[in-house]
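Here, residue 1 is the first one in the sequence, and each next residue gets the next number. Fair warning: this is a prediction, and the values are worked out from it, not measured in the lab.
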Amino acid sequence: MKTIVVLGTGVAAAAVIRQTMKSTVLPRHDIKMVVVSPSTHFLWPIAMPRAIVPGQLADDKVLYALQPTFAEYPAGKFEFVLGTASALDPDVKRVQVALGGDEGATRDVAYDVLVIATGAASRDDMPWKPLDTTESTVAKLRSVQKQIEDAETIVVAGGGITGVETVGELGYEYSRTGRKKVYFVHADALPLASPVMESVRKQTRAELAKLKVQIVPSTKVTKVTASGADTVLELTAANGKTTTLKTQAYIPALGVVPNTAFVPARMLNAGGYVKQTTALQTEDHEDIFVIGDAGSLEGNRAAMADAQAKHLIEALPLHLDGKTLPEYKPATKDMFGITLGRGRGTGQVGSFKIFSILIWYVKGRFLGTDYADHLAAGKRTLTTKFE
């Protein structure tokens with residue numbers, strides 16, 4: 001019997017798991033699937049900038065249990081392993097898994113086909129992405145919410161989309177009405193960065209200013225020091241000048257690192273991402289596929305993970321039957337939809353700027369929480385519903 005092993009249960013993996021089970025594993029007697037993940041729940045990352053604001057989103061709008069979906073599959077055809085991939089030996093087709101809940105215990109999982117969809121982790125132990133376990137993710141979310149609730153001054157650091165959307169949510173909730181002071185520290189002269197158009201970046205700055213966010217551009221947080229209930233931030237401007245800023249809630253959004261420590265170094269690029277071909281396979285091992293944030297082919301965005309997942313759903317059965325795989329074509333247009341609080345937004349498609357009302361209608365109203373449960377169950381991707 002052939003074994004498909006999927007590492008990960010996030011945005012990239014969810015639909016691949018369910019649709020491959022339905023179309024390929026269950027109808028055939030010679031295939032089974034093993035899914036490995038350290039989390040018992042699917043985390044919906046798009047909604048996390050709003051979820052950290054106390055009272056805005058219940059846990060069940062951002063965290064969805066995997067067990068009800070996995071319970072639909074017969075034990076002889078499907079297995080879920082709670083643990084973290086700790087080593088990969090592609091020459092013998094085995095993944096070592098550090099088992100969750102049993103310190104020091106490991107298990108070797110053999111595969112015929114491996115799908116690496118392990119995603120990425122926040123650089124600053126923030127719940128923008130899943131932490132080590134669902135329990136630790138929930139604990140960190142609670143901690144951040146409590147800091148924000150108790151704070152007089154909140155500082156968000158990081159000028160990417162997550163930082164912008166987070167400070168927009170906090171500005172909408174607090175600074176526009178004077179309830180709390182909200183600061184936004186980012187390294188460039190404008191929020192966001194290329195390939196986001198300058199007009200979109202300027203609109204982002206203007207909208208945040210309307211929310212009375214105190215914007216600190218061309219500046220980095222270079223030191224973080226706890227001082228009783230406060231956190232003292234050392235800020236270093238582009239000209240080298242340093243200042244300090246005191247806060248009770250420091251919210252870093254400084255990017256991600258790929259969850260690929262288990263992959264042999266020869267299979268990674270300089271940034272630690274698994275090197276992918278345009279068939280979404282690794283360069284030297286045609287039995288290993290990579291999708292989502294762990295791969296090198298495209299950036300760390302949900303839309304790209306979504307597109308790669310849809311491609312693999314069609315390509316994987318062909319691979320199992322020894323047929324030629326279609327080529328995956330990375331996106332040629334840059335697309336961004338950026339929420340700025342609960343009432344405004346901005347974005348672009350290629351070189352065209354998108355109206356705020358459209359971003360609000362498509363994304364800002366619910367941040368995908370109106371369909372995330374179906375995505376978590378693998379019944380749809382961001383853009384495609386399945387039977």
Side-chain angles (χ1 to χ4, degrees), residues 6-20 35-39 41-49 62-64 66 69 85 114-122 127-130 137 160-162 165 195 255-260 263 268-269 271-282 288-316 326-338 347 349 362-363 367-369 371-386:
V6 180
L7 305 179
T9 51
V11 171
V16 171
I17 293 169
R18 183 177 183 86
Q19 299 310 314
T20 303
V35 173
V36 178
S37 173
S39 302
H41 288 63
F42 172 97
L43 176 76
W44 180 230
I46 289 176
M48 293 312 292
V62 292
L63 287 163
Y64 301 89
L66 300 172
T69 298
L114 177 67
V115 178
I116 298 175
T118 47
S122 168
W128 313 127
K129 303 281 189 178
T137 300
I161 292 176
T162 299
E165 293 193 332
V256 299
V257 293
N259 293 321
T260 58
V263 179
L268 305 176
N269 69 10
Y273 294 90
V274 183
K275 291 180 282 189
Q276 289 166 291
T277 70
T278 53
L280 300 182
Q281 295 165 312
T282 60
I288 302 178
F289 292 85
V290 187
I291 54 174
D293 291 353
S296 65
L297 203 57
E298 296 183 283
N300 299 114
R301 293 206 296 276
M304 294 174 177
D306 179 86
Q308 292 182 21
K310 289 194 294 184
H311 182 88
L312 186 58
I313 287 168
E314 296 183 0
L316 197 53
E327 181 181 11
Y328 174 77
K329 296 180 180 179
T332 56
K333 288 185 178 181
D334 294 305
M335 293 188 290
F336 306 94
I338 302 160
V349 175
V362 172
K363 181 180 179 183
L367 294 180
T369 58
Y371 62 81
D373 57 338
H374 288 271
L375 201 152
K379 297 178 180 178
R380 63 166 295 162
T381 69
L382 292 174
T383 55
T384 303
K385 295 180 181 179
F386 299 104

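- With sequence neighbours excluded, the residues that form a salt bridge (Lys or Arg N to Asp or Glu O under 4.0 Å) with Arg18 are Glu72.
- Using modelled atom types, one side-chain atom of Gln276 and one backbone atom of Val290 make a donor-acceptor pair closer than 3.5 Å.
- Of all heavy-atom pairs spanning Val62 and Ala47, the tightest one is CG1-CB, 3.7 Å.
- A heavy-atom distance below 4.5 Å is not found between the side chains of Asn259 and Lys129.
- Partners of Tyr328 according to the side-chain hydrogen bond (donor to acceptor under 3.5 Å, both in side chains) rule, which considers only residues two or more places apart in sequence or in another chain, are Glu298.
- For the pair Asp334 (side chain) and Pro195 (backbone), a donor-acceptor distance under 3.5 Å is absent.
- In this structure, the separation between CD on Gln19 and CG on Leu316 is 12.5 Å, given to the nearest 0.5 Å.
- For the salt bridge (Lys or Arg N to Asp or Glu O under 4.0 Å) test, residues two or more places apart in sequence or in another chain that qualify with Lys363 are Glu165.
- Interatomic distance, Ile291 CD1 to Asp306 CG, rounded to the nearest 0.5 Å: 10.5 Å.
- Using a 4.5 Å cut-off on side-chain heavy atoms (C-beta onward), Asp293 and Tyr273 make no contact.
- The side-chain contact (heavy atoms from CB on, under 4.5 Å) check on Leu268 picks up Thr260, Val263, Val274, with sequence neighbours excluded.
- Considering CG of Leu375 and OG1 of Thr384, their distance stands at 10.5 Å, rounded to 0.5 Å.
- With sequence neighbours excluded, the residues forming a ring-ring contact (aromatic ring centres under 6.0 Å, His included) with Trp44 are Tyr371, listed by chain and number.
- Residue Asp373 holds its CG atom at 13.0 Å from CG of Leu63, rounded to the nearest 0.5 Å.
- Annotation: the span from Thr69 atom OG1 to His374 atom NE2 amounts to 10.5 Å, rounded to 0.5 Å.
- Residues Leu7 and Val115 have side chains not in contact (no heavy-atom distance under 4.5 Å, counting atoms from C-beta outward).
- Applying the ring-ring contact (aromatic ring centres under 6.0 Å, His included) test to His41 and every residue at least two apart in sequence or in another chain returns nothing.
- The minimum heavy-atom distance between Pro49 and Thr162, with the atom names listed, is CG-O, 4.4 Å.
- Residues Thr9 and Tyr64 are not in side-chain contact: their nearest non-hydrogen atoms beyond the backbone lie 4.5 Å or more apart.
- Residue Leu114 holds its CG atom at 5.5 Å from CD1 of Ile288, rounded to the nearest 0.5 Å.
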| field | Worked verdict on Leu43 versus Met48 for side chain to side chain contact (heavy atoms under 4.5 Å, CB included) | value | CA-CA 9 Å; Leu43 176 76; Met48 293 312 292; 3.7 Å; yes

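- For Ser296 against Asn269, the heavy-atom pair with the smallest separation is CB-ND2, 3.6 Å.
- Minimum heavy-atom separation, Ala294 to Thr118: CB-OG1, 3.7 Å.
- In this structure, Thr137 and Ser39 have side chains that are not in contact, with every pair of non-hydrogen atoms separated by 4.5 Å or more.
- Annotation for Thr277 and Thr282: closest pair CG2-O, 4.0 Å, computed over non-hydrogen atoms.
- In terms of heavy atoms, Ala12 sits closest to Ala305 at CB-CB, 4.0 Å.
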